[in-house]
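Here is the naming used below: chain letters follow the sequence lines, and residue numbers restart at 1 for every chain.
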Protein chains: 2
Amino acid sequence: MAAKTTKPSPIPSVWARPQREQDQPTLNRATIVREAIVMLDAEGVEALSMRKLATRLNAGAASLYRHVATKDELMELAVDEVAAEIHVPPADSPDWRAAVSEAAHSFRTTALRHPWLGSVLGQAGLAYLGPNLMSYSERLAALFTAAGFPDPTGAIDAVLSYVIGMSTTEAAWLSTVARSGESEADFIARLLPAAQQAVAEHEHLAKGYAETEEAATTDPAAMRDAKFAAALEIVLDGLTLRLKATGS
Amino acid sequence: MAAKTTKPSPIPSVWARPQREQDQPTLNRATIVREAIVMLDAEGVEALSMRKLATRLNAGAASLYRHVATKDELMELAVDEVAAEIHVPPADSPDWRAAVSEAAHSFRTTALRHPWLGSVLGQAGLAYLGPNLMSYSERLAALFTAAGFPDPTGAIDAVLSYVIGMSTTEAAWLSTVARSGESEADFIARLLPAAQQAVAEHEHLAKGYAETEEAATTDPAAMRDAKFAAALEIVLDGLTLRLKATGS
DNA sequence: CTTCGTTGCGAACACTGTACGCACAACGGA
DNA sequence: TCCGTTGTGCGTACAGTGTTCGCAACGAAG
């Protein structure tokens, strides 16, 4: 049995002591979460393991558990950390509809910037809300009450559910595209024949499909933006109706 | 017969041969998917392993790979199998709004019956649509076009995204409740003080929270039903507005 | 009877999340 | 100056995981 790695000195020597060798003075919960997010963004949710994360932090795998109880907890922390990026306009905005739309778009862009968010939300849900997610809800509620909504909670449910559903679906799509290594347009072009054949015997789908095919192959990102905005307008229309019904 | 493993046959003997010992004649993709769904429903997504699934089918783990390329593929198959349970009213329904509402409610009940669905959708998305999910979309499209919508695809986006977002969030919540072993009401009651404290410094959330607290502790399931239905009405209002704008 | 394609599967590989227990730095009091 | 206590890092180990390889056993075909 040959010693394969740096066998720690059986003879205690001054030169063997670590002595401020770390660039990071100590391991830290915040830095762990930050580095986890970097890895998640770069390589996706199934590429993150405690061992890889530890080596990237110049640490041993077991050390992480001094700062984080379990991997799931680390994921919840990462989700809440990322939730801080979502922007919500102040409650006294003159145009509540534009403000809510901006909050929705901000959620979407952060969800697309961190595509793993959908996976975690689908598993852990919003059961234990971290402080940042909480504050996001609070600011949305402030927006809706300032606008005069009788039931701000219901309004939040409608717009937030729509945004979550659309964004996570979109993020999952982008993840599979990224895994393929191709650009989105190339990926679409490659599976176009299969999609056409699959859609062929569904007449109503085929109709809508034919209309959007060109846009999908030329500028898919713009088409996704338009889709998101258009369906969001529908939800906002419903909210406007509720507000008017109360006002009159 | 005590010995069920057919291993000990250094001497080829008639008695050692398996000879129709299986109740299932052969392993089969359909039965694999069915049993996987049973396990997923019973124990959740992280309790399903290829080995456990195989032993439940009186088979070896490696045998499954003769019928299924990978575990992810098995998951996609399970998702599509479950999608067949979703009911959509026929396109010639007199009241399109009631029909869409029924389709939405049917999606929700199947998502709650199979709470793992949210996790898989969050990871795999709707990239490769299986035939059953495809047919669900098609029937929704038929419903919207029959109702006279100018852009059925946009209408589908709005209602489907809302339903996915709400249902998966709800399913994730129910999963964490189930993991706790308690009833939903008990679970809520137990974390009520923590939730109240967390919500205390968010004035707008606290207001809505106070209103729904009693309903949440007495009949949480009914409250969730009501929440889903209420927010769905908002989305449907938005759709109705779109339809009227076209008609006039 | 031989051959062939198909199916089942034991064993192994490369990993995973996490628990245990030791080594060692910092520190406060005697 | 020593001695405990406390908190941190981490080597090692355990119980799993998904998946591959190669072999055995079969039913049908030639």
Side-chain angles (χ1 to χ4, degrees), chain A residues 1 3-32 36 39-40 43-76 78 120 123, chain B residues 3-32 36 39 43-76 78 120 123:
Chain A
M1 179 119 12
K4 65 171 176 184
T5 54
T6 65
K7 202 69 190 252
S9 55
I11 310 139
S13 156
V14 200
W15 316 112
R17 256 184 289 160
Q19 203 236 344
R20 265 324 104 201
E21 203 177 310
Q22 304 273 35
D23 41 351
Q24 314 262 355
T26 59
L27 220 44
N28 184 356
R29 172 183 278 201
T31 68
I32 291 176
M39 288 190 67
L40 286 168
E43 315 205 45
V45 69
E46 72 258 9
L48 175 69
S49 78
M50 298 302 267
R51 271 177 250 256
K52 283 188 208 157
L53 176 58
T55 54
R56 197 177 280 228
L57 288 165
N58 288 80
S63 309
L64 302 180
Y65 287 89
R66 295 280 176 195
H67 307 268
V68 156
T70 175
K71 193 189 179 184
D72 290 341
E73 184 185 299
L74 173 60
M75 287 301 195
E76 284 184 38
V120 185
Q123 224 159 24
Chain B
K4 72 159 186 202
T5 56
T6 59
K7 184 179 68 158
S9 59
I11 309 140
S13 155
V14 201
W15 317 112
R17 257 184 290 161
Q19 203 236 341
R20 262 330 101 202
E21 202 178 309
Q22 305 274 36
D23 40 350
Q24 313 265 354
T26 58
L27 219 43
N28 185 355
R29 170 181 279 202
T31 67
I32 291 177
M39 287 189 68
E43 315 205 47
V45 70
E46 72 257 9
L48 175 69
S49 79
M50 298 302 267
R51 272 177 251 258
K52 284 187 207 155
L53 176 58
T55 54
R56 197 177 279 230
L57 289 164
N58 290 80
S63 310
L64 302 180
Y65 287 87
R66 295 280 176 197
H67 307 268
V68 157
T70 176
K71 194 189 179 184
D72 290 341
E73 184 184 300
L74 172 61
M75 288 299 195
E76 284 185 38
V120 185
Q123 227 160 22

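- At its two ends the helix from C:dC1-D:dG30 to C:dA30-D:dT1 runs along axes set 20° apart, each axis drawn from five pairs and the angle rounded to 10°.
- Atom CD1 of residue B:Ile32 and atom CG of residue B:Leu64 lie 5.0 Å apart, to the nearest 0.5 angstrom.
- Summarising the geometry, the separation between CG on B:Asn58 and C1' on C:dT7 is reported as 16 Å, rounded to the nearest angstrom.
- For DNA chain C, the neighbouring residues in residues 65-73 of chain B, judged by any heavy atom under 4.0 Å, are B:Arg66, B:His67.
- In terms of heavy-atom proximity, B:Leu48 sits nearest to B:Lys71 at O-NZ, 2.9 Å.
- Inter-residue side-chain proximity for B:Gln123 and B:Asp72 is flagged as unmet; no heavy-atom pair is nearer than 4.5 Å.
- The side-chain heavy atoms of A:Leu53 and A:Leu74, taken from C-beta on, include a pair separated by under 4.5 Å.
- In this structure a side-chain-to-backbone donor-acceptor pair under 3.5 Å is missing from B:Thr70 to B:Glu73.
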Given the rule in the salt bridge (Lys or Arg N to Asp or Glu O under 4.0 Å) test, do B:Glu43 and B:Arg56 qualify, once you have shown the distances and angles that lead to the verdict?
CA-CA 13 Å; B:Glu43 315 205 47; B:Arg56 197 177 279 230; 3.5 Å; yes
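- DNA chain D is contacted by A:Arg51 of residues 44-54 of chain A, taking any non-hydrogen atom closer than 4.0 Å.
- With C:dC9, D:dG9, D:dG11 as the choices, the nucleotide that has an atom nearest any side-chain atom of A:Ser63 turns out to be D:dG9.
- Computed from coordinates, the B:Leu27 CG to C:dC9 P distance equals 7 Å when rounded to whole Å.
- A distance-only check finds a donor-acceptor pair linking the side chain of A:Thr55 to the backbone of A:Arg51 [under 3.5 Å].
- The distance from atom CG of A:Leu40 to atom CD of A:Glu46, rounded to the nearest 0.5 Å, is 10.0 Å.
- Between B:Arg29 and B:His67 the shortest heavy-atom distance is NE-O, 3.2 Å.
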